[in-house]
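These figures come from a predicted structure and were not determined experimentally. Each chain gets a letter, A, B and so on, in the order the sequences are listed, and its residues count up from 1.
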Amino acid sequence: MPRYLLTAALPYANGPIHIGHLAGCYLPADVYHRYLKAKGEDALLICGTDEHGVAITLQARKEGVTPQELVDRNFKVIHQAFEGLGIVFTHFSRTSREIHHREAQAFFLDLYNKGFLKEKTTSQFYDPVAGTFLADRYLVGTCPHCSFDGAYGDQCEKCGTSLSPDELQYPRSVLSGSVPEKRETNNWFLPMDEMLHLPEFATYTERIARWKSNVKGQFNSWVQQGLQPRSMTRDLDWGVKVPLEGAEGKVLYVWFDAPIGYLSATKEYMDLQGNPEGWRDYWESEDSRLVHFIGKDNIVFHTLIFPMMLAAHGQMVLPWQVPANEFMNLEGRKLSTSRGWAVWLHEYLQDIPGRQDELRYTLLCNLPETKDADFSWQDYQLRVNSELVAILGNFVNRVMVLTHKLSDGHCGDLPTVEANTSHVSLELELAGTRQEILLAMEQFRLREAMAGVIHLARLGNRYLAETEPWKLLKTDSEAASRVLRLAAELCAELCIALEPFLPFTASKLSHQLQWQASAQEREAWWNPGSADSKGTVDARTRYLAQGHRLGPAALLFVPIEDELIQAQIHKLSPMNDSKLENDPKPENKSKPENTPKPDAELKPEVTYDQFAALDLRIATILSAQPVPGADKVLEIKVDLGDEQRTVVSGIAQHFQPEELVGKQVLMLTNLAPRKIRGIVSQGMLLMAENQEGQLVLVGPNGNGILPGDRVS
RNA sequence: GGCGGGGUAGCUCAGAUGGUUAGAGCGUAGGAUUCAUAACCCUAAGGUCGGCAGUUCGAUUCUGCUCCCCGCUACCA
């Protein structure tokens, strides 16, 4: 029997969890895990917070707390929110724990000792303004081969040559624009190009054919493009220390360290179970199936880099399946935490208490399994009211009420096959739907499986409509009793079927029926073939004993009122601005390898002389045109009164070129010229950024201002 | 810009190794019913399957080009 090792992407501890995270991986992981457990499989679901990386340190600095304080707080919020929604992990750890540091270092050393990590000493550039070492691509300068003044630290875009940063002439920092200092530093590289040919990895590559198209596509694309050695260490002080001599001030690259979190969390769990070697059954055993639940932004790391690390380490299983989901939008727009465009799980649980399954259901119905999906509050209301309330809740309620009317809640006999063909056709349809649910689950089509479960209740409603037990009640109470018994059996079956998806509802229903599924009953239901020969009433598994008394009827779901929806929509957009079309800086980064954004704090004070050094003037835009091969910059010609200049400005996604012509704008004129995309930019246009992240021209308000007029 | 994924009924989404009437749920309309949270049940209307070419006896399904959305990546002095 296979064992399953499920992982859900480690949530990054710089903020709480929102519905996008849930739909992307945590809810599917939880449902699949519950499904496997119900089926009687041996399965672990491992997760934990990822607490390292630059973004954490920046966020902490912004809030005026230490990184540790920040991650402590977020760990708690995240962990509690998951629990609140019934997302149950076998173990939920965190990468800041000692065991993780130890494991990550051991893993690193293992690869190091096997020769998979190649040290390179480089004169890395250090940005004295940003206070950080600069990754290769954060450097620009002149290419030594073709003299192109826009080459990056790793490659020249113009002539295609691969470069190392110290080959660059006249290097500059992309972050601050300052001239970086050269500082000696060592880093360790994973030779991904070579590792592609490891036998373990080559074997692994074959199974990718049966994966989802989005995952397959990304994987193939990377392999075909050719891989390059990638540095697995960083010059930073927050993270897992590099366990080598002379590596002070260096930590493991978060993408090296984070997936090892799956391993260290498993070990931590097994230690707590008093079974310190137990992790081997899941990580080293051939019959173990490693499944990574992730969002689409993580595909390359989970299908390429981490598997290579595992292959290099040796003896470890490589992913069996990576059912990566696309993204969940909110009311038609991308989620954006910085603009408050998100539904936060911890807030939902607080604002709408006792409605966990309503959220689980709506998200499950809309999982972005093949493409980006959309969550809207109206859809939420509609799904709850017309599906959970009207189909599922109503069916159960009808059965409960009728049974109490008929026999004070006591269950009668099961119908016989000959009694009425409605019974038989119900049985057949139930069995068919069950098979569809099972098939969908096997193929990670959770949305379809969820719909199938609701369909079971729909079949129940149809059965009641056909048999009309409320009429039989008066004419033939025996017949009524049999119909209701079968309907009650279906309620019990619903209990089992609902559990992985809507555990709170399953539990309520179970209580209401005064009945609980045994492990055998659950396993029989969830295993194909185990009960499908019992398609008729006489032979079917009986869940409820004859004469069993149901508990008092209680509503499983209550309709969502308009006011609730209005309040949530209102909360979502305090300034309901319909112009918010483009999202130039969407929040979606789960990892910190991105350019740090300037934070909201005031910068350190400057002297008057420093200010006076700036030459600020009003310019009039004469023309603006797109730059071929660049999405974000425009080539702009401006009039400064006695001269005209060309400026290359990164505003292409905020303005149409034609709408800029003739506008007056504030300009910094004595900034050092700089080539961008082969065009010399002589100065910088100054813009204001509003709360939605849109750029707005800054220009004179009064009259009589001419091009070239000074600003001071 | 490069690479990958997606664009299918009013809405949210399935599906199609190319072939008679392209599906589901919701919504809408009509009917039936009253046990039930005015819920359930039945029926119907609704789609040039992003656009333009091509291959083919036949394409929504294959090929090329193009537009739009998303991700990775590059670009923002």
Side-chain angles (χ1 to χ4, degrees), chain A residues 137 140 150 152 155 157 172 174 176-177 212-222 224-225 295-301 324 326-327 329 334 362 365-376 378-379 382-383 385-391 393-406 445 447-448 451 454-455 457-458 460-466 468-473 480 484 487 553 555-559 583-584 586 588 595 627-634 647-654 668 671-677 681-687 695:
Chain A
R137 74 172 81 107
V140 286
Y152 300 99
Q155 192 179 12
E157 292 269 297
R172 277 177 290 269
V174 171
S176 68
K212 295 174 58 173
S213 58
N214 57 346
V215 181
K216 210 186 331 185
Q218 282 248 23
F219 178 89
N220 290 334
S221 147
W222 274 73
Q224 280 163 18
Q225 276 175 44
K296 67 172 159 182
D297 53 334
N298 282 185
I299 290 174
V300 67
F301 296 98
E326 302 282 303
F327 281 175
N329 291 328
K334 283 195 278 191
T362 310
C365 287
N366 286 323
L367 285 183
E369 289 178 334
T370 58
K371 59 185 168 190
D372 287 357
D374 191 58
F375 176 95
S376 79
Q378 283 198 354
D379 181 62
L382 213 52
R383 298 208 100 104
N385 292 357
S386 64
E387 294 170 27
L388 291 182
V389 173
I391 309 283
N394 187 37
F395 169 65
V396 171
N397 189 237
R398 296 170 84 179
V399 176
M400 296 298 296
V401 169
L402 281 167
T403 305
H404 278 284
K405 264 185 195 168
L406 172 70
R445 302 197 309 246
R447 198 169 49 190
E448 189 182 326
I454 293 301
H455 189 69
R458 189 169 265 122
N461 277 319
R462 190 180 304 167
Y463 176 63
L464 292 184
E466 281 171 12
E468 300 184 302
W470 50 92
K471 282 184 180 167
L472 295 174
L473 218 57
L484 290 176
L555 299 181
L556 289 178
F557 300 99
V558 181
D583 250 35
N588 51 40
T595 309
V627 177
D631 286 355
K632 296 188 181 173
V633 293
L634 292 177
V647 174
V648 180
S649 184
I651 58 173
Q653 300 193 334
H654 299 269
L668 176 62
L671 186 65
R674 161 85 188 289
K675 263 192 197 175
I676 298 163
R677 286 273 163 184
S681 180
Q682 307 161 296
M684 180 167 176
L685 303 185
L686 305 185
M687 306 271 161
L695 297 183

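- Looking at heavy-atom distances under 4.0 Å, V389(A) makes contact with a base.
- Closest to the Q218(A) side chain, of the nucleotides C76(B), C41(B), G71(B), is G71(B).
- The heavy-atom pair separating A324(A) from K212(A) by the smallest distance is O-NZ, 2.7 Å.
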(request) Assign a letter to each nucleotide of nucleotides 22-30 of chain B from its 5' end: B, base within under 4.0 Å of a protein heavy atom; S, sugar-phosphate only; -, no contact. (result) ---SSS---

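- In this structure, of G71(B), C35(B), C40(B), it is C35(B) that holds the atom nearest to the side chain of K405(A).
- Annotation: of the two residues near RNA chain B, F557(A) and N214(A), the 5′-most nearest-nucleotide partner is N214(A).
- Residues satisfying the ring-ring contact (aromatic ring centres under 6.0 Å, His included) criterion with F375(A), sequence neighbours excluded, are W377(A).
- Nucleotide C49(B) is matched to nothing when pairs are restricted to Watson-Crick or G-U wobble geometry with both distances under 3.5 angstrom.
- C11(B) and C49(B) have their P atoms separated by 16 Å, given to the nearest Å.
- Checking C62(B) for Watson-Crick or G-U wobble geometry (two distances, each under 3.5 Å) identifies G54(B) as its partner.
- Residues V647(A) and N397(A) both approach RNA chain B. Their nearest nucleotides, taken by heavy-atom distance, put N397(A) toward the 5′ side.
- Taking the C1' atoms as reference points, A22(B) lies 27 Å from G31(B), given to the whole Å.
- For G46(B), the O4'-C1' to base torsion is within 90° of 0; the nucleotide is therefore syn.
- The distance between atom CG of N220(A) and atom C1' of G5(B), rounded to the nearest whole Å, is 13 Å.
- Rounded to an integer number of Å, the gap from CD of E369(A) to P of G71(B) is 19 Å.
- The A390(A) side chain lies nearest to C40(B) when the options are C13(B), A77(B), C40(B).
- Within 4.0 Å of R445(A), counting heavy atoms only, lies no atom of the nucleic acid at all.
- Taking atom CG of residue N329(A) and atom P of nucleotide G71(B), one finds them 8 Å apart after rounding to whole Å.
- Which of U34(B), C35(B), G71(B) sits closest to the side chain of K471(A) comes down to U34(B).
- Within the nucleic acid shown, L388(A) has no heavy atom closer than 4.0 Å to any nucleic acid atom.
- The separation of G6(B) from G51(B), taken at their C1' atoms, amounts to 16 Å, rounded to a whole angstrom.
- Between N461(A) and I391(A), some side-chain heavy-atom pair lies under the 4.5 Å cut-off.
- Taking the C1' atoms as reference points, A24(B) lies 13 Å from U8(B), given to the whole Å.
- Taking atom P in both A53(B) and A59(B), the straight-line distance is 13 Å, to the nearest Å.
- For the pair W470(A) and K405(A), the minimum side-chain heavy-atom distance is 4.5 Å or more.
- Spacing between atom CG of D372(A) and atom C1' of C68(B) amounts to 13 Å, rounded to whole angstrom units.
- Note on P559(A): a base of the nucleic acid sits closer than 4.0 angstrom, heavy atoms only.
- The separation between L464(A) atom CG and C40(B) atom C1' is 9 Å, rounded to whole Å.
- Among the protein residues, G683(A) comes within range of the sugar-phosphate backbone only, with heavy atoms under 4.0 Å from sugar or phosphate atoms but none that close to a base.
- Residue contacts shown for A553(A) are absent, as no nucleic acid heavy atom lies under 4.0 Å away.
- With rounding to whole Å, F327(A) atom CZ is found 19 Å from U12(B) atom P.
- At least one side-chain heavy atom of F327(A) sits under 4.5 Å from a side-chain heavy atom of D297(A).
- Computed from coordinates, the L484(A) CG to C35(B) P distance equals 13 Å when rounded to whole Å.
- Of the candidate nucleotides U8(B), C35(B), G71(B), U8(B) has the atom nearest to the side chain of K371(A).
- Of the candidates C35(B), G7(B), A77(B), C35(B) carries the atom nearest the R398(A) side chain, counting heavy atoms from C-beta on.
- Between A9(B) and U66(B), the two C1' atoms lie 25 Å apart (nearest whole Å).
- Between the C1' atoms of U55(B) and G18(B), the separation comes to 12 Å (whole Å).
- Between the side chain of R447(A) and the main chain of L367(A), a donor-acceptor pair closer than 3.5 Å is present.
- Of the candidate nucleotides G4(B), U37(B), C40(B), G4(B) has the atom nearest to the side chain of S221(A).
- When each of U37(B), A36(B), G71(B) is scored by its nearest atom to the side-chain atoms of N394(A), the top-ranked nucleotide is A36(B).
- Among the nucleotides A39(B), U37(B), G71(B), the one closest to the side chain of K296(A) is G71(B).
- Ion pairing of K371(A) with E326(A) is absent here, as no side-chain N (NZ or NE/NH1/NH2) approaches a carboxylate O to less than 4.0 Å.
- Counting any heavy atom pair closer than 4.0 Å across all strands shown, V399(A) reaches no nucleic acid atom.
- Between the CG atom of N461(A) and the P atom of C40(B) there is a distance of 8 Å, given to the nearest Å.
- As rounded to the nearest Å, U60(B) and G54(B) have C1' atoms that lie 16 Å from one another.
- Base pairing annotation: C72(B) forms a Watson-Crick or G-U wobble pair with G2(B), both donor-acceptor distances under 3.5 Å.
- A 4.5 Å side-chain heavy-atom check between N397(A) and L556(A) finds every atom pair outside the cut-off.
- The pair K334(A)-D372(A) fails the salt-bridge criterion, with no side-chain N (NZ, NE, NH1 or NH2) lying under 4.0 Å from an Asp/Glu carboxylate O.
- Surrounding CD of E468(A) are more than 12 heavy atoms belonging to other residues, nucleotides or ligands, all under 6.0 Å away.
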(request) Begin with the C-alpha distance, continue with both residues' side-chain angles, and end with the deciding distance and a verdict on side chain to side chain contact (heavy atoms under 4.5 Å, CB included) for V396(A) and L555(A). (result) CA-CA 8 Å; V396(A) 171; L555(A) 299 181; over 6 Å; no

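- Distance from the side chain of S213(A) is smallest to G6(B) among G71(B), U37(B), G6(B).
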